[in-house]
Engineer: 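So that we are looking at the same thing, I have put the structure below in structure tokens.
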Amino acid sequence: MEISPREAEVLELIGAHLSNAEIAARLSISVRTVESHVSSLLRKLEVQDRRALARHAPEPAGAAPSRPAPVLPAPATSFVGRVRERAELTRMIREHRQVTAVGPGGVGKTRLALAVAAETAGERPDGVWFVDLVPVTDPDMVATAVAGALGLGEQPGRDMTESVLAALADRHALLVLDNCEHVVHGVALLIERLLARCPRLTVLATSRARLMVPFERVYAVPPLSLTVDGEPDAVVLFMERAAAVGSPLDPPLRDQVTSICERLDGMALAIELAAARCPTLGLDGINAALSHPLRMLTGGSRADERHRSVRAALDWSHALLEPADRALLRRVSVFAAPFTVVAAAEVTGSEAGLVADGLARLAEQSLLVVTASPGGTEYRALETIRQYATERLAEAGELVDARSRHLRWCLAEAAALAVVRQDWRARFDLVADDLRAALAWAAERPEQRADACELARHLAELTFTRHLTGESQRRYEQAAELATDPAVTASMLRRAAAVAGCRTAGDDMYRLRLAAAEAARGAGDTAGAAADLATAATIAFRFSTTFVRLPPQEEALALITEAREPAGDDPAAQAAVALAEAAVLTDAFGAVQGPAGNAVPETVARAERAVELARRTGDPLAESAALDALSGAQSWAGDTFATAATARRRITLLASLPISPAGTHELIDALGMAAEAGLGAGDVPRARRWARQLADHPSLAESGHRATCRLLMVSALAGDVDEVLTGSVRFLDAWRRAGSPARSILAPAAAGVAMIHGLRDDHDARREWQEIMDRLGTSPEHVYGYGAVFDAMLLLHRGQAPEALERTAPEPRQVWKWVTWIWHHWYVALRAEAAVLAGSPGARDCLAEARTAVAGNPVAGAIVDRARALLDGDQEALLATAEAFDAAGCRYQSVRTLVLAGGGHASRGAAALAALGLAPMAPALKAHVPMAPAPATTVPPPGVGPT
């Protein structure tokens, strides 16, 4: 089959090791569209997984097989000379895993590193990556900058450093970290972890000083050559740059050029600035300007010796500017990222027309770089020049005023971004580094503390919207630290806890809620403190699977005791305490550290009380959390349909709420629970809709394993083979990128994928997914939940009814607590079908019990009806179940019915199975096989289940 142009683009990016989310961003299409193309490619190329697809990706012309093009910026000018330096630095990065090219600003470290990286790219099968650290003002943001260069987004449950480590763990690549000197600590910490976790990665850094990390090899970048045989590099560079600006020099003038280059100490930046003056000054004028006193260090002996030559060149260039342009240059140095004329006018306090003229003149003097963008013309100063201009700003006594203006501009930009809708992401990305830089400055000045707190809050909200949840949590915590009002501190900590929830960081949720309680006490808000303590106790049980250090039950009980008295008659505090009691005392959420058995009536009663109290508060989020407890209690009670109805109430309650960290966390949880509860009740269409909504949620774009796990469960049970194969590619890719975390909550999805591969007779793929399931961690308590259901479906497909009956041998009431949630009706129905097809003497009694248990479930009911029709030999009733399955959204079960019907129906069913991509069904057995006893050593002890 022919591959479309868009599929070809997707295939090429798969070959470059990009994730579905990265491909979607690169091609400006949705993740779901990428998944559809991946599924189509798997089918057309007749391969089973993403790795096999990557081997089919086209190779770039002239490139070595499977080697992506280096991700390097394209210099605007040619690279001159440096033959010996390139050879030496190339040798070092071949022999050592971490090399730092050091030297003063303007010596040419960046250009040399880029040249070496480009020349050696062919030796790195997994690519070359370049990261410019100039805009990074916070050492803790180094990993974020690297992640951005790699095209990585943030993944819930892990910080950016872990995402970078996971992405580079098995890559044979070169990472270039440029301009490290101002964030040395952050770079050093990241490099140490990279070297430890990424054995085939080489790091080339550029910095004004060594990084002082283990195994570092330092290469001191020398100035351009001045006295070598032949044409010195410095002279060649001057001649080329002079010619580029319209002043080609005759060979007899080379002696004058050599003299200029010697006076500039062979510094590349100084030579380029001097050459740019040729059209207006000529060589004589340049020589005269170099004699000006301002070429010397203005700071005398206080300045670092390595900076003297570059500073001399910059002093000289600065001295030739008109006073107004000098003032403009130093005032725009507060911008950490590219800026526009309008922004410069606001920060400098000047008229826009005058600023535009001044910026143009500065650009003509090579002091600013001009870039055309969709949002208009942007300007930026090279870092060496920006730092020089900042020094001039301080010397002029204008630093605080300029920084304060920049801070006010950042606050206004942040506030505007909170309401803007069009091109929001591009607008945020344009100013994000300035917001961070302004915050870093203001946070260190007591008189700016209020503005710093406000900016931290804005940045927390904006980064959350940008799905940078790790930074969002940090900014909320920073706002809490900067706040002077304990009530504001408590509010910021609560929001930080909500963001931690979106990141599935249970330990942080717990810690931050306890800190919020302490802040609330300081504000005199005893009821708020009580609510925080109770919420922390609830978090310990409700989200127990997201913890590294799980708080024991005794600790949670102590929090509830501490919260009861100060809660008083405050509605919100009372509701929080009631929910904590339902969570901890009766284990409504089925926590890891919860009791082995819970008394169903008490669990339901406490959950219902929590819902009623939450409803009285008028807070939809509090009510949703209480409804989550009620759905758990109803599940333990075996009330499948009430569980599904309660889950639907949560979705309705949350649907119209504005986006917020707490709302997003609650909605993601509600969608997952609604999909599972709907599946348990046989409401496949709605379960699929909610699962797809979850898979498409933007907050989960970079964590495809979390996003798709419910959809894979639904699709597997419904027999939607294409959706399982497509979703499993995204699941597996994201799971591996996340470091292959052992999360048992993901295991049902892996089991469903394994079953589908079993139905396809793809034994290798099934074995791979079974291994993944083992790595995810499957507890014995869940053996008779999803494991029994998926295994029984596969065994029945293969005609192994006795084995399916043995797999579901335990009576449902024996394992009630572990199969009522989602799996109970499926387990009961498949068990009844296995009894009939295996010819069990007790089949009719099993059918009667099953029919009562699954009454009202359209899918499980149809399975039981089909089994009874088979037992009675009722062809008409049998075929009627095929229609019931179609109406319920279970195509596989409908096709299976046709095959079981035999004759011409079986032929149509076999053809339909093939169309679904499934292997033929084996003939059903009807031998009389005695009912197998429940294995005594593997079944969990009976709970207090439904009677």
Side-chain angles (χ1 to χ4, degrees), residues 8-23 25-27 34 38 41-42 45 47-74 86-87 89-99 101 112-131 143 146-152 162-178 190-191 193-206 215 217 729 732-740 768:
E9 291 178 316
V10 171
L11 183 60
E12 182 177 352
L13 295 176
I14 290 173
H17 307 290
L18 270 66
S19 70
N20 285 355
E22 293 165 357
I23 294 172
R26 185 75 61 88
L27 300 180
V34 176
V38 171
L41 287 166
L42 290 170
L45 296 176
V47 296
Q48 298 300 326
D49 55 32
R50 193 183 189 91
R51 292 180 178 178
L53 274 182
R55 291 194 288 271
H56 286 265
E59 300 295 339
S66 301
R67 287 179 181 170
V71 184
L72 300 172
R86 280 184 289 175
L89 191 54
T90 297
R91 180 191 63 77
M92 291 182 70
I93 65 172
R94 285 172 178 163
E95 295 177 358
H96 307 288
R97 293 189 56 216
Q98 200 277 303
V99 178
L112 177 61
L114 283 171
V116 169
E119 290 173 1
T120 61
E123 303 171 14
R124 312 284 171 174
D126 293 318
V128 176
W129 306 87
F130 179 87
V131 185
V146 176
L150 296 175
L152 300 176
E162 287 298 324
S163 295
V164 169
L165 293 173
L168 296 175
D170 59 351
R171 295 204 179 185
H172 185 188
L174 174 67
L175 178 65
V176 181
L177 301 177
D178 192 40
L190 178 62
I191 287 180
R193 297 189 66 180
L194 284 169
L195 295 179
R197 292 269 297 275
C198 309
R200 298 196 298 164
L201 179 71
T202 298
V203 179
L204 172 59
T206 74
F215 311 114
R217 295 297 185 273
V729 173
L732 188 55
D733 180 56
W735 180 66
R736 285 172 172 162
R737 284 176 176 270
S740 304
E768 178 185 7

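Nothing fancy with the numbering, it's 1 onward along the sequence.
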Engineer: Which residue in the set V176, L150, L177 passes side chain to side chain contact (heavy atoms under 4.5 Å, CB included) when paired with V131?
Structural biologist: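 With V131 as partner, side chain to side chain contact (heavy atoms under 4.5 Å, CB included) holds for just one option, L177.
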Engineer: Roughly how far, to the nearest 0.5 Å, is the CG atom of L195 from the NE2 atom of H96?
Structural biologist: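 Here the rounded value is 13.0 Å.
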Engineer: Atom CG of L89 and atom CZ of R91: how far apart are they, to the nearest 0.5 Å?
Structural biologist: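 Nearest 0.5 Å value for the CG-CZ distance: 9.5 Å.
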Engineer: Do E768 and L732 have side-chain heavy atoms sitting under 4.5 Å apart?
Structural biologist: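 The answer is yes; the side chains approach within 4.5 Å.
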Engineer: Please name the pair of heavy atoms, one in A173 and one in L201, separated by the smallest distance, quoted to 0.1 Å.
Structural biologist: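 Minimum heavy-atom separation between A173 and L201: O-CD1, 3.4 Å.
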Engineer: Who passes side chain to side chain donor-acceptor pair (under 3.5 Å) against T202, sequence neighbours left out?
Structural biologist: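 Side chain to side chain donor-acceptor pair (under 3.5 Å) check on T202 returns R124.
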Engineer: If we only count heavy atoms from C-beta on, is the D170 to D126 side-chain gap below 4.5 Å?
Structural biologist: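 Heavy-atom side-chain distance check fails, nothing below 4.5 Å.
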Engineer: Specify the closest pair of heavy atoms between F130 and A149, including all atoms of both residues, with the distance to one decimal.
Structural biologist: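 Nearest heavy atoms, F130 then A149: O-CB, 3.6 Å.
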Engineer: Once you round to the nearest 0.5 Å, how far does CZ of R737 lie from CG of L168?
Structural biologist: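 It comes to 10.0 Å.
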Engineer: Can you see which heavy atom on R86 is nearest to which on E119, and at what distance?
Structural biologist: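 Reported closest heavy-atom pair: NH1-OE2, 2.8 Å.
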Engineer: State which residue, out of V47, V729, L11, fulfils the side chain to side chain contact (heavy atoms under 4.5 Å, CB included) condition with L41.
Structural biologist: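 Going through the options one by one, the only one that passes is L11.
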Engineer: If I compare all heavy atoms of L204 with all of A113, which pair ends up nearest, and what's the gap?
Structural biologist: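 Of all heavy-atom pairs spanning L204 and A113, the closest is CD2-CB, 3.9 Å.
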Engineer: Dump the intermediate steps for side-chain contact (heavy atoms from CB on, under 4.5 Å) on L112 and T206, then the final yes or no.
Structural biologist: CA-CA 10 Å; L112 177 61; T206 74; over 6 Å; no
Engineer: Test your reading of the model: is there a side-chain donor-acceptor pair from R97 to the backbone of F215, 3.5 Å cut-off?
Structural biologist: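 No: the side chain of R97 does not pair with the backbone of F215.
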Engineer: Which residues pass the side chain to side chain donor-acceptor pair (under 3.5 Å) test with R200, sequence neighbours left out?
Structural biologist: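 Once residues adjacent in sequence are excluded, R200 has no partner under the side chain to side chain donor-acceptor pair (under 3.5 Å) criterion.
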Engineer: How long is the span from the OG1 atom in T120 to the CZ atom in R94, to the nearest 0.5 Å?
Structural biologist: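 Here the rounded value is 7.0 Å.
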Engineer: State, to 0.1 Å, how close A166 and G739 come at their nearest heavy-atom pair, and which atoms those are.
Structural biologist: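 Taking every non-hydrogen atom into account, CB-N, 4.0 Å.
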Engineer: Can you name the salt bridge (charged side-chain N to carboxylate O under 4.0 Å, His left out) partners of R217, sequence neighbours left out?
Structural biologist: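 By the salt bridge (charged side-chain N to carboxylate O under 4.0 Å, His left out) rule, R217 matches no residue at all.
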Engineer: Can you see which heavy atom on A143 is nearest to which on V164, and at what distance?
Structural biologist: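 Of all heavy-atom pairs spanning A143 and V164, the closest is O-CG2, 3.7 Å.
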